[in-house]
Number of protein chains: 2
Amino acid sequence: MSATRPKTRRPTIYDVAKHAGVSPSLVSLVLQSPERVSDKRREAVQAAISELGYRPSRAATALASNRTKSIGLLIDDYRNLWFVDLLRGMESVLSDLGYHVMLADSRPGENRIKDATDGLLALHVDALVIAAEPSESMLDGTGVPTVVAGWRKGVPIGADLITNDDDGGGGMAANHLLGLGHTRIGHLSGADGASAHRRAGFRREIRAAGVELLIAESQGTSEEDGYAGASWLLERYPDITAIFAANDTMAMGAFAVLKARGLRVPSDVSVIGYDNSPLAKSRYLDLTSVDNRSDLVGIDVAHRLLARIEDPAIEPQKTLIEPVLVLRSTTARVTR
Amino acid sequence: MSATRPKTRRPTIYDVAKHAGVSPSLVSLVLQSPERVSDKRREAVQAAISELGYRPSRAATALASNRTKSIGLLIDDYRNLWFVDLLRGMESVLSDLGYHVMLADSRPGENRIKDATDGLLALHVDALVIAAEPSESMLDGTGVPTVVAGWRKGVPIGADLITNDDDGGGGMAANHLLGLGHTRIGHLSGADGASAHRRAGFRREIRAAGVELLIAESQGTSEEDGYAGASWLLERYPDITAIFAANDTMAMGAFAVLKARGLRVPSDVSVIGYDNSPLAKSRYLDLTSVDNRSDLVGIDVAHRLLARIEDPAIEPQKTLIEPVLVLRSTTARVTR
DNA sequence: GTGCTAAATTGTAGCGCTCCAAAATGCCAG
DNA sequence: CTGGCATTTTGGAGCGCTACAATTTAGCAC
C-alpha cells in the first residue's frame with residue numbers, strides 16, 4: 001500500500017497527472033466530482049492515485065477552495081460524557097464525507113466560551129456546533145452555519161436547534177413511578193435548561209395523576225446538589241417512597257443520603273436517574289435511568305449541518321429526539 | 001474590537017502592510033519573530049493588525065511553511081476520563097504557542113487504531129501523541145515527532161515515553177494499608193500495562209512487609225472485572241480486611257460485592273482505588289485513591305513534543321510522573 | 001463529410017502566506 | 001565624509017490546490 005516514504009516529497013496532483021497522462025485539473029476534478037469525468041480517465045487517475053499513494057493536502061485545498069472540511073464542536077466540559085455520544089453520532093455521518101470534527105472545551109465561566117469560539121473560528125471551520133451556553137456576542141450570528149445542541153438560554157440567529165425531548169423524558173420517569181404505585185414522589189431538579197424541561201414533564205404527569213408535587217430545586221446538577229436536595233426532601237417529607245433525579249449524578253447524591261438514613265433501594269425508596277450514564281450502567285448502582293439518545297442527536301446535528309453548509313439560507317429548524325426509559329434494579333413496586 | 005464583518009473579505013497581510021506602510025514580508029516577519037523588527041515598524045504593524053482585526057489564515061500558513069501548528073492526540077476511548085487531564089495539561093502549554101490539539105478516538109479493535117492514525121496524519125499534524133495501543137505498522141516510526149503517553153506494549157522507534165509511576169503508586173497503596181495495620185490485603189488487578197506496574201509495586205511492598213500476597217488478576221479492568229475479582233478473593237480468603245483495586249471502577253465492583261455480602265466499608269473492609277476519578281471524589285463513594293497526576297503527564301508531553309518538533313533527532317527519553325495518595329473515607333485502621 | 005451542440009479536458013490565475021536572496025538603511029571607525 | 005559591516009526591509013518565487021474560462025473532443029443529424 002504505502003510505499004517507502006523516506007525523503008521522497010509527498011506526491012502532488014501534478015505527479016498524479018503526469019503518471020496518468022492527464023492534466024492536473026482533471027485530477028482535481030476526479031477528486032471532487034468523479035461522475036463528471038469519463039470512465040477511462042477516471043480509472044486512470046484513480047489508479048495513479050493509489051499507485052503513488054497520493055493524499056490531497058488539506059491546507060492547499062482549504063486555501064484554494066476556502067472550505068476546510070472541518071466542523072467545530074463547542075462543549076461545556078469534557079467531563080460531561082454526553083458529548084461523547086453526540087460526537088460519535090456526528091462522526092458516524094461526517095467522517096465518511098471527509099469532514100473532521102474539532103473539539104473546543106469552553107469550561108463554564110467568563111469569556112472562556114468566547115475565547116473557545118474565537119479559537120474555533122480562527123481555524124475556519126465550515127460550521128459550528130454549540131453544545132454549551134452561547135455567549136452574548138454570538139447570539140446575533142456566528143458568521144458560519146451553526147447548529148445548537150441541547151437546551152440553551154439563547155439560540156444564535158439563523159441557527160438550528162436539536163435537542164432531547166427532556167419534557168417527554170420527565171413524563172416517562174413520572175409515569176414509571178406512578179405505574180409502580182408510588183404516590184409520594186420527590187424530584188431533584190436543577191436550574192439549567194434540560195432540568196427545567198424534565199421538571200415540566202414530571203410536573204405535568206404528576207398533576208394529571210392528582211398526586212402532590214414534591215420538588216427540590218437546586219442551582220446546579222452536581223452530586224452535591226443531589227445530596228443537598230435529597231436531604232431537604234427527606235427531612236420535609238419523610239414518607240417519600242420514590243425519587244426522580246434530574247440526572248444520574250444527582251441520583252448518586254440521593255443514594256448517599258439514603259445510605260446515611262439507613263433506607264434501602266429499592267425496597268424502601270425507588271430511585272430513577274436520567275442520562276443512562278456509565279454510572280447508571282454500573283453494577284453497583286444498577287440505576288434505572290432515562291436514556292436521551294444523544295447519539296441520535298449527533299446524527300441529526302450532522303445532517304442539519306450538511307444541509308446548512310449546502311444552503312446557508314434554509315429556514316432554521318427545531319428538532320426533538322425521543323428518549324427511552326432503561327429499567328434496572330433501583331425502582332420497584334411501592335411497599336409502604 | 002472585532003469590526004463588523006458583513007461582506008468584507010477578511011483582511012490579509014497585504015491589507016495590513018498597506019495600512020502600516022510596510023511590505024507584506026515585514027508583516028509576516030512581525031508575526032513570526034517580532035524581535036527581529038525595529039520597534040517603530042513592529043508597533044505600526046501591530047497597530048494595523050488590531051485595527052483591521054487581522055487573523056492569519058491557517059491554511060495559507062500551513063501551505064507555505066509546511067507546518068500546521070496542530071498536534072494529533074490518539075486515544076483509546078473518549079470515555080476514559082484520564083485523557084481529559086492529559087489534554088488539559090497539554091493545552092495549558094500548547095495553546096499559548098498557537099498549537100491546536102486534534103483528537104482521534106481509535107476505540108479498541110482491529111485496525112481502528114491504524115485508521116485513526118491515518119486520519120490524523122492526513123491532517124498533517126506536526127506531531128503525534130499516542131495514548132492508546134500503537135498498531136504494528138507504527139512501531140517502526142510514524143514519520144512525525146511522536147510521544148507515547150502511558151504504558152504500552154510497544155513504543156515506536158524514536159518516540160519518547162512519558163507515563164505515570166504506577167509502580168510507585170502501587171507501592172503507596174500497599175504501604176498505606178500496611179500502615180493501617182492490615183495484613184490480609186487483596187488486590188484486584190488487570191492485564192494491561194498500568195495494572196502490571198501497579199501490581200508490581202504492590203507486590204514489592206507487601207513482600208517487604210512479610211505479608212501474604214492475595215491477588216485476583218482479570219483480563220480487563222472494568223467494574224465487572226472488579227466484581228468478579230472481589231467475589232473470588234472473598235470466597236477464597238474470607239478474612240480479608242482490605243482491598244486495593246487497580247482502578248476506581250474496579251473498586252466500585254468490589255463495593256458491589258461487599259454490599260451483597262453485608263460487609264461495611266471501611267469498618268469491615270478498607271478499600272483503596274486508583275486514578276482519583278470523579279467516582280472516587282463523589283460523596284457516595286468517597287474513595288481513597290491514588291491520583292496519577294495525568295495533568296502533569298500532559299504538561300510534560302507538551303514540552304517533549306515541542307523539543308522534538310524543534311529537533312527531531314534528539315535522543316528519545318523516558319519519564320515517570322510521581323503519583324499522589326488522596327485519603328478519603330474508605331480506608332481505616334484494621335479492627336479485626 | 002459538414003455543421004452544430006453537448007460533454008470532456010486543459011490552461012491559467014489566483015488563494016494568503018513563508019522564505020531567501022537582494023537591496024536599503026544604519027552605525028561606527030578612521 | 002567614506003568605506004565596511006551589521007541590521008533591517010523588500011521583491012518575488014513558490015507551497016498544492018481549485019475555479020472558471022477557453023479549448024478540444026465526441027456525438028449526432030443532415
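Values in this document were obtained by computation on a predicted structure and should not be read as measured data. In what follows, chains carry the letters A, B, and so on, assigned in the order in which the sequence lines appear, proteins first and then strands, with residues in each chain numbered from 1.
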Output yes when B:D85 and B:R88 qualify as a salt bridge under the 4.0 Å nitrogen-oxygen rule, no when they do not.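 No, no charged N to carboxylate O under 4.0 Å.
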
Any ion pair linking A:D76 and A:R152 (charged N to carboxylate O, less than 4.0 Å)? yes

Quick one: does [X]'s side chain get under 4.5 Å of [Y]'s, heavy atoms only?
X: A:T163; Y: A:T319; result: no
X: A:L139; Y: A:I157; result: no
X: A:L123; Y: B:H100; result: yes
X: B:V45; Y: B:V22; result: yes
X: B:L52; Y: B:V16; result: yes
X: A:N292; Y: A:W82; result: no

Could you check how far [atom1] of [X] sits from [atom2] of [N], rounded to whole Å?
X: B:R42; N: D:dT9; atom1: CZ; atom2: C1'; value: 15 Å
X: A:N66; N: D:dA19; atom1: CG; atom2: P; value: 10 Å
X: B:L26; N: C:dA21; atom1: CG; atom2: C1'; value: 16 Å
X: B:H124; N: D:dC15; atom1: NE2; atom2: C1'; value: 12 Å
X: B:L29; N: C:dC17; atom1: CG; atom2: C1'; value: 13 Å
X: A:K40; N: D:dT25; atom1: NZ; atom2: C1'; value: 11 Å
X: A:D15; N: D:dC15; atom1: CG; atom2: C1'; value: 13 Å
X: A:Y54; N: D:dG16; atom1: OH; atom2: C1'; value: 7 Å

Do B:T142 and B:T146 pair up side chain to side chain, a donor and an acceptor below 3.5 Å, judged on atom types alone?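 Yes, a side-chain donor-acceptor pair sits under 3.5 Å.
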
Can you see whether A:S28 engages A:Q32 through a side-chain donor-acceptor pair at a distance of less than 3.5 angstrom? yes

For the pair A:D160 (side chain) and A:Q317 (backbone), establish whether a donor and an acceptor sit closer than 3.5 Å, ignoring hydrogens and angles.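 Confirmed, A:D160 side chain pairs with A:Q317 backbone.
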
Just to be sure I understand the rule, does [X] reach a base, reach only the sugar-phosphate, or reach nothing, if contact means heavy atoms closer than 4.0 Å?
X: B:V27; answer: nothing
X: B:P56; answer: sugar-phosphate
X: B:R67; answer: sugar-phosphate

Output yes when at least one side-chain N/O atom of [X] is less than 4.0 Å from OP1 or OP2 of [N], else no.
X: A:S57; N: D:dG16; answer: no
X: A:S28; N: D:dT18; answer: yes
X: A:T61; N: D:dC17; answer: no
X: B:R41; N: D:dT9; answer: yes

Close N/O contacts between protein and nucleotides 13-15 of chain C (under 3.5 Å):
residue	atom	partner	partner atom	Å
C:dC15	O2	A:A64	N	3.4

Shortest non-hydrogen contact from B:S23 to B:A17?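 That closest heavy-atom pairing would be C-CB, 3.7 Å.
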
Which atom pairs link the protein and nucleotides 20-22 of chain D when you take only N or O atoms and keep those under 3.5 Å?
none

Within residues 30-39 of chain B, residues whose heavy atoms come under 4.0 Å of DNA chain C: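 Those residues whose heavy atoms fall under 4.0 Å from DNA chain C, taken from residues 30-39 of chain B in numerical order, are B:Q32.
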
